[in-house]
Structures are given as structure tokens and as C-alpha cells.
Number of protein chains: 2
Amino acid sequence: MPIKKTTISDVAKHAQVSKSTVSQYLNERFEYMREETRKRIEKAIKELNYQPNNVARSLKLKSTATIGVIVANILHSYSTQVIRAIEDTLNENEFSTIICNADDDPEKEKKYIETLLARQVDGLIVFPTSGNQELYKRLIDSNFPIVFVDRYVSDLNADAVMLDNEKAIHLAVEHLLTNGYEDIAVLTTSLENAVVPRLERIQGYRSAMDRFKLPIREDYIKSMDLSVMKDGIAELFQLEKPPQAIVSGNDLTLMEFLKYAAEHNVKIGTDVGLVTIDEVPYASVHNPPLTTIAQPTFEMGEKAVELLLHKFDSIKKNDPKIYRFDPSIIARKSSEKAGAQL
Amino acid sequence: MPIKKTTISDVAKHAQVSKSTVSQYLNERFEYMREETRKRIEKAIKELNYQPNNVARSLKLKSTATIGVIVANILHSYSTQVIRAIEDTLNENEFSTIICNADDDPEKEKKYIETLLARQVDGLIVFPTSGNQELYKRLIDSNFPIVFVDRYVSDLNADAVMLDNEKAIHLAVEHLLTNGYEDIAVLTTSLENAVVPRLERIQGYRSAMDRFKLPIREDYIKSMDLSVMKDGIAELFQLEKPPQAIVSGNDLTLMEFLKYAAEHNVKIGTDVGLVTIDEVPYASVHNPPLTTIAQPTFEMGEKAVELLLHKFDSIKKNDPKIYRFDPSIIARKSSEKAGAQL
DNA sequence: CTGAAAGCGCTTACAG
DNA sequence: CTGAAAGCGCTTACAG
């Protein structure tokens, strides 16, 4: 099926030089090349419409100039945003990117890691699920370049790019308090797998309540699978003292809450204040507009790439480290009591 | 930097067989292999933690089992949905996927095509921009497997997977009429680059108005760059006879319209009916919920892969063809006059 | 300034 | 049932 490609030998023959010389030309080592030779090769390449074969080059060079990116769940707008930044930055550095979506499934994640390694990627950027610790450990121990994003894997000595999750929750709680909401509940997806940001966000909730001298009510903490989140939300509103405000842990829990609110005619802002972690594309056009805690997604993606590339060109490797990024609040009507709903 | 990998030779030595035999093992050609040999190789692979090098394999086999996907603009939710379907389907067939975002820039698109070819992808699925006709022509003439999605490139004899755009607009217009809206305007992004779906959607608008015996008002047709779309929408509402309803050409024009509506306190449903092409994730939680014309994104992605894979295993190639998919309407409140807004 | 040779890690006819 | 040999398309020391 594939077209028979013209190879470096064809070019060499056509230009009446050796393969070595053509290779020099391709790699822009012009120092010792006569002007005339160069011209001849240039012409031959054009005439034959020659396209070098990167697979062969990679084999010889033992480097594919490709980075694998494995994302736990591509459905989060956070993930897509960070991935775009990663890809852009990698591109600027002449690296290709292969993106894989693990779908929150450690088995899938494992398969992807193996495929990517077999394909000889030069490094990995991963939003890890919570399986595969050992696999990661092996990789890191053998010095394979890897950077984690959004989450880190515990007991692993690796670089990670993370949100300051505690701060994010504090921002949200503080903002809600300032706006007159006191009984604040929090929604996150299931803690079952001990995914770091979720734990940190719950922890952040507790410490924020503490800090602002508010009681911590366990029944205000809803950590559950998305599929049953709406039931959890319903429970919240059936409490004797339902919460006055909600902090949504990410864009998917937000979606569940918005669905519940639409179905039960809960007026966001007036009936219940709302702040969500993660900026979503529709935040400003929602009615009422949604107050969000935005992550600096571009900077985080950029940093991940920087950390990874750093591992290539420096012999002395820095100690692995967790890099924390500051969240910022984008205040909109969903967290204002007065006149929120049109 | 890369770890020195164990190779097939190491395994062969360790298992005391030849490389050929190990290769047979790897490719599961067990027919002529003694049980005992197989066991020995299996053991050696495990002990050495051997991972075959796919780059070498690809070079020898002249096939990378990788498909390149180039998307004109990844920001459309349509694109992300189709891409997910493509990736899933490709995965099921043991192909890897490399996704590139051309950002609506033909130059970028060209660069990606070249990179992907250099990387020896076995085929290409592309949501084309409107440059690079010649490049595509060359590829197709040389029999390189390629399938277009969402748009086709004119004068090119290639397979394409498309929405029935005319039908989509007819559905929208008909639905709005049924709901009592008669003066219907349409919003699409700039026609400058003659991107097929936009043309077809405008054409569909004209034919729909015709069919339903409504006058075609040129000032109800707004085709412009997203950056000035809001001005165009403003013009619409400053007309002596502003439209009663809007058909939005895609999710990005929708976003512009929703922004305008929010800023100018235009009540969707009551003040102006709205139907948009493309289902968006927030359609059902928007207030009011948005009536959308959904594309069968999964089927379209699946079909694209099927067409592409078909080119690999059949010698006789079918005549290239444009496959049209039916849109379906998801009616929600934004196109209901009564009680749309809470 | 340029070429011959070896080698990257596989696969596959072919011989035995 | 298994191995030796050639070759995929490059790159790179090294010799001249």
C-alpha cells in the first residue's frame, strides 16, 4: 500500500555523491561542503521530491523527538487546556506529541505507557490515575524522563506540576463568606482512589472552615462518584439546615450541580451561592455567570515541558520537586446573593 | 539520557537461541516452535524485562501502525468529539494516533502534514483548512491513504465524511417556524476561505427559506470572523425589523451570541428564539436550555476510520465518495416562545 | 572536502 | 524446528 519512497540512496545517486554527503546536507553540516555539491544535492532533493524517513533516523539516533502525554481524563476542560499548552510548547521545541486518554482507568494507562515506551518516546508527561505506582517507580529509577501534572504519585521522587489546592479552596470559602454565605458545602468526585487533588481539596475545605472559625459538618462534604452525585446533592438540600453555598471541586461536579439546579429550579446565587474550581468556557455566558477558581493552565503546561526538556540537556539533574501554582478567583454573579438571577 | 535498552540480541543470548527465533516468538509464530524453546524465551524476556523496539520494527516493516489526525480547529466541541471516536476506533484496531491542531492556519497544517509523513504514518484523517489543495492532490495521486472529515477539498477525488448541512439548516428553520418564529437570521463564521460546511449552511438557509416560502433577507445573513461577530449581532438587533430567531452555525458562533445576549439582556426564547448547530456539553444546563442540531459525531469518527482502514486491506479500492450523515434535533427551551426563561 | 563501512534493532525468506 | 544472512533508511566516526 505505501508508496515506494525515494530514499537517501536515490538522492545520492541522482546527485552523484555518497549517502554520507547527502546526510551531511540534511543535517545542515555545511562546514566542509563545497557550494557546488550543496547545490547539486538541493536540486536532486527537489527533483525527486525526497522526504527523509524519520523512523530510520530515530532508530539510528535512539531518539524520536516525541513526547508521550497521558491524561487521566480528557473530559476535564482543565486537561484539554493544559494539553494545548504542552503541545504548543513542545512544538516550539521541535518535539512531536502523542496524546493518550486513560479514561481514569489504570489498566488503560498502563497499556498506553507500554505502547509509548515501545514507540521509544523520549519522555512522558502524565496526569496519573492512581494505579501503576510500581511501573512509575521503575521508570523513574531507571532515569526515564517523566513529569507529572495535576496529581503526583505518592512515594515517588518525581517532578510534578500542581495547583495549590488548599489555597484554591480557601479562596472559594473566603469569597463566599465575604458575600454573606456561611454554611458551605463541598462537592468532589469519589475519594476512593486517593487522587491527590481531591484529598487536598477536602483537606483545604477543612482547614478553611477552621481558619474562618466555622464548624465542619461532615454531611456538607460530598465525595462520590459522578454517577450518584445528584443523589448526594439532593441529600444536601434535604438536610434540616441545607447549605447556603456550594464549592464545586471541578468542572464535572459543577455540571452535576447545574443539572440538579435546573431540574429542581434551584436559583443559583439567590437560593444557593456557587463557586467552582476550574474555569469553564461557558462560565461567563451562564445565567447567572459562574464564579470560578481558575488554574493557570498555560503556565502549568509550559512548566511541565520545561521540566521535562531540562532532563534532556543537563547531566546534573535537579532534585525532583513539586511545583505549586497559584489559583485565581474570577468573581461572577453565581456567588452574589442579590440580583444574581435575571 | 535514554536507558540502555535490552535488545532482541540480549534475549537471544540469554535464552540460547537465535534472534530469528526470538522474533518468531514475539510475532507469535509458534507453529514450528518447540514448547521448551518457547518457555525459555518467555523466561528470558521476563528476566531481562525486555521491551521490543517499535521503531526498529516499523523501519523493517515499513509500517508504523500510526495514523495522523489533523484537525482544523480543536476548539470546536464537534472536533473533540469526533477525535475521541477516531481514537477509540483506531485503538481497537491496534493503531496509534497522533493528533495535530492546525489552528485554522494552512501553513501550520502543511507543516504538520510534512512532519507526519516524515514520521511515516500509515494514513491521514484530516479536517482540512482551505489551503493545501495541491499538497493533498499529490498525496491522493500517489495513493496515500487519506480521509477527510467535516469538510472536503474541492476538485479532489477523496473520501469524505460530512454532515448533511443543508438538512441541518432545514431542521432548524422548520423547527423555529413550527414554534412560531418567522423572521430567522443565520450566523456563521467568515466565508472568506470558502470552507465547505459554511457555504453549505448558508446555501441551506436560502433553500430552507425558499421551501417555506419565506423571504430571504441578505441582512439576516451574518457571515463574519468571530472577532467581529458581536458587532454583526448588534446590527441584527438594530434593524428596523430585527429577527425573531437565530440559527447559529456552530458552537463558537453560539458562544458569541450567548455573550451578546447576556450583555444586552436579550431573553433567549421569549425575545429571540435560538437553535444552534452542534450539541454543546452545557446545552441542557444553560438557562434556558439550548435547542441544538446534533451531529452523529461518534458514527462519523468511526466511519472515517473504517474508510481509512479499508484502504489498507483491500487492493480494489472503491471509488472515493462523500458520505453524508443525518443531523438530529434536540429540542429544548431556547426555541420555545412561552416560558423559556425562568 | 567526500566516501566506504559499520551499525541502530528488528523481520523474513531461505537453508539445513 | 532453528539459525545465518540480508536489509529496512538513516548517521557518524574515520580514512583519505
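In what follows, chains carry the letters A, B, and so on, assigned in the order in which the sequence lines appear, proteins first and then strands, with residues in each chain numbered from 1.
Contacts between residues 33-54 of chain B and DNA chain D, defined by a heavy-atom separation below 4.0 Å, involve Met33(B), Arg34(B), Thr37(B), listed by number.
Put simply, NZ on Lys19(B) is 10 Å from C1' on dA4(D), counting in whole angstrom units. The separation between Glu28(B) atom CD and dT12(C) atom P is 13 Å, rounded to whole Å. Taking atom CZ of Arg57(A) as the reference point, atom C1' of dT12(D) lies 12 Å away to the nearest angstrom. Rounded to an integer number of Å, the gap from CG of Asn27(B) to P of dG9(C) is 18 Å. Rounded to an integer number of Å, the gap from Arg119(A) CZ to dC8(C) P is 22 Å. What separates OH of Tyr32(A) from C1' of dC14(D) is a distance of 13 Å, to the nearest Å. Spacing between atom OH of Tyr25(B) and atom P of dT11(C) amounts to 13 Å, rounded to whole angstrom units. Rounded to an integer number of Å, the gap from CG of Asp10(B) to P of dG9(C) is 9 Å.
The phosphate of dT11(D) (OP1 or OP2) has a side-chain N or O of Ser23(A) nearer than 4.0 angstrom. An OP1 or OP2 oxygen of dG9(D) is reached within less than 4.0 angstrom by no side-chain nitrogen or oxygen of Thr7(A).
Taking 3.5 Å as the limit, the base of dG7(C) and the side chain of Lys60(A) contain a donor-acceptor pair of atoms between them.
Side-chain atoms of Ser18(A) lie closest to dA4(C) of the nucleotides dC10(D), dA4(C), dC1(D). Among the nucleotides dG3(D), dG9(D), dT2(C), the one closest to any side-chain atom of Leu59(B) is dG9(D).
Across all non-hydrogen atoms, the minimal contact from Ile146(B) to Tyr136(B) is CD1-CD2, 3.6 Å. For the residue pair Leu117(B) and Phe144(B), the shortest heavy atom distance occurs at CD2-CZ, 3.6 Å.
Under the 3.5 Å distance criterion, the side-chain polar atoms of Asp103(A) are left unmatched by any main-chain donor or acceptor of Asp105(A). Checking side-chain atoms of Thr64(A) against main-chain N and O of Gln120(A) turns up a donor-acceptor pair under 3.5 Å. Side-chain atoms of Asn132(B) come within 3.5 Å of backbone atoms of Pro106(B) as a donor-acceptor pair (strictly under, hydrogens ignored).
Among the heavy atoms of the strands lying under 4.0 Å from Leu61(B) are primed sugar atoms or P, OP1, OP2 only; no base atom is included. Residue contacts shown for Val17(A) are limited to sugar-phosphate atoms, with no base heavy atom under 4.0 Å away.
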In dot-bracket notation, what is the pairing pattern of DNA chain D, taking Watson-Crick (N1-N3 plus N6-O4 or O6-N4) and G-U wobble (N1-O2 and O6-N3) contacts under 3.5 Å, with [ ] crossing and | for other strands? |||.||||||||.|||

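Under the 30°/60° scheme for interplanar angles, the aromatic rings of Phe95(A) and Phe312(A) are found to lie parallel.
Note on Lys39(A) versus Glu35(A): salt bridge recorded, some NZ/NE/NH1/NH2 to OD/OE distance being below 4.0 Å.
In this structure, CD1 on Ile45(B) lies 10.5 Å from NE2 on His14(B), to the nearest 0.5 angstrom.
Residues forming a ring-ring contact (aromatic ring centres under 6.0 Å, His included) with Tyr152(B) (at least two apart in sequence, or on another chain): none.
Where Gln24(A) and Leu26(B) each meet DNA chain C at their nearest nucleotide, the meeting point lying more 5' is that of Gln24(A).
Tyr25(A) does not carry Arg38(A) over the face of its six-membered ring by the limits of under 6.0 Å from the centre and within 45° of the normal.
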